[in-house]
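Letters A, B, ... are given to chains in the order of the sequence lines, protein chains preceding strands, and every chain is numbered from 1. All values derive from a computational prediction rather than experimental measurement.
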2 protein chains.
Amino acid sequence: MKYSIGEFSKLTHLGIHTLRYYEDEKLIIPERNNANRRCYCEKDFAWIAFIKRLKDTGMPIKEIRHYAQLRAEGNSTQNERMEILIQHRQVLKKQIRQLKEHQAKLDEKIKFYQEEITSQNQ
Amino acid sequence: MKYSIGEFSKLTHLGIHTLRYYEDEKLIIPERNNANRRCYCEKDFAWIAFIKRLKDTGMPIKEIRHYAQLRAEGNSTQNERMEILIQHRQVLKKQIRQLKEHQAKLDEKIKFYQEEITSQNQ
DNA sequence: CCTTGACATAGAGTTAACTCTATATTGTAT
DNA sequence: ATACAATATAGAGTTAACTCTATGTCAAGG
């Protein structure tokens with residue numbers, strides 16, 4: 001199955017402009033048809049999903065580009081790509097730990113407000 | 001204990017420029033001494049710690065400003081501030097859930113690489 | 001007295017990540 | 001054949017959150 005940029009935009013919930021921007025940034029470079037139109041495929045869809053994951057976990061576009069370029073070079077870069085992901089796993093782990101701490105502190109603060117407010121109503 | 005902006009900058013690990021920017025944005029407005037110099041105190045330190053927490057959990061500065069303005073209005077806004085934090089707790093909860101999902105998928109991918117690589121070495 | 005360093009304000013510059021505009025082509029329905 | 005909607009490129013504009021520069025003030029040490 002092949003998708004025009006418009007279809008692919010709907011599929012991925014990324015704007016047309018964003019897809020072209022990602023192409024400029026060399027994150028995802030789709031095939032072209034004989035009229036020079038972009039032709040995205042299933043594989044591109046899976047790849048975009050992964051790009052989103054990296055973005056959502058705070059990886060900047062430059063780093064994603066690096067990963068994408070290694071990917072484009074083929075199998076010989078598997079090891080290096082794995083290393084990047086292993087590094088990133090550490091980052092993610094730390095993020096989760098920190099957010100949990102923030103959550104705990106936020107809960108404390110909310111509890112404090114609740115106590116303040118109920119004590120005022122007596 | 002009172003701190004000049006230079007001291008407070010070191011204490012909070014926020015640049016002097018950033019502290020002044022936060023003041024422009026009405027997040028934290030310290031006292032002034034008779035020479036018009038900023039005078040940060042312990043309470044400001046606790047408040048900056050909380051601002052950082054909100055920032056680190058993705059709250060934009062405009063929303064933090066809103067919270068800060070309510071805070072400046074005093075006790076009568078306690079309820080509204082609590083509501084904001086309760087809302088934000090939901091956001092945070094969702095963030096953590098998502099990051100955990102991303103972590104799981106990342107682990108899968110790493111595992112996949114490891115299997116690929118070991119199978120190639122045989 | 002004079003220099004120096006920390007502070008003050010106002011406003012310009014930077015960076016990341018989009019997002020939009022202008023203009024030109026092209027495939028499809030009438 | 002013609003109109004029109006989707007696509008193409010190049011480049012400008014936007015937003016958030018800083019970060020820096022220019023210029024001026026002032027208190028304390030030599």
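- When the side-chain nitrogen and oxygen atoms of Thr18(B) are compared with OP1 and OP2 of dA17(D), none of them lie within a distance under 4.0 Å.
- For dC18(C), one of the phosphate oxygens OP1 or OP2 lies less than 4.0 angstrom from a side-chain nitrogen or oxygen of Tyr22(A).
- Looking at Glu23(B) and Arg38(B), a side-chain N of the basic residue comes within less than 4.0 Å of a carboxylate O on the acidic one, giving a salt bridge.
- Between Arg32(A) and dT26(C) there is no side-chain polar atom (N or O) within less than 4.0 angstrom of OP1 or OP2.
- Along DNA chain D, the nucleotide nearest Ala35(B) and the nucleotide nearest Met59(B) are compared for position; the residue whose nucleotide lies closer to the 5' end is Met59(B).
- Between the CG atom of Leu14(A) and the C1' atom of dC20(C) there is a distance of 17 Å, rounded to whole Å.
- At distances below 3.5 Å, not a single donor-acceptor pair connects side-chain atoms of Thr77(A) with backbone N or O atoms of Glu80(A).
- Residue-to-nucleotide proximity on DNA chain D shows that, of Pro60(B) and Glu23(A), the 5′-proximal contact is made by Glu23(A).
- Contact check, Arg20(B) against dT9(C): no side-chain N or O comes under 4.0 Å of OP1 or OP2.
- For Lys10(B), no side-chain nitrogen or oxygen approaches OP1 or OP2 of dA6(C) to under 4.0 Å.
- What you find for Gln78(A) and Ile117(B) is that their closest heavy atoms are OE1-CG1, 3.8 Å.
- Taking the six-membered ring where the residue is Trp, Trp47(B) and Tyr67(B) present parallel rings, their angle staying beneath 30° rather than reaching 60°.
- For the pair Arg38(B) and dA8(C), the criterion of a side-chain N or O lying under 4.0 Å from OP1 or OP2 is met.
- Taking side-chain N and O atoms only, Lys55(B) has no distance below 4.0 Å to OP1 or OP2 of dA16(D).
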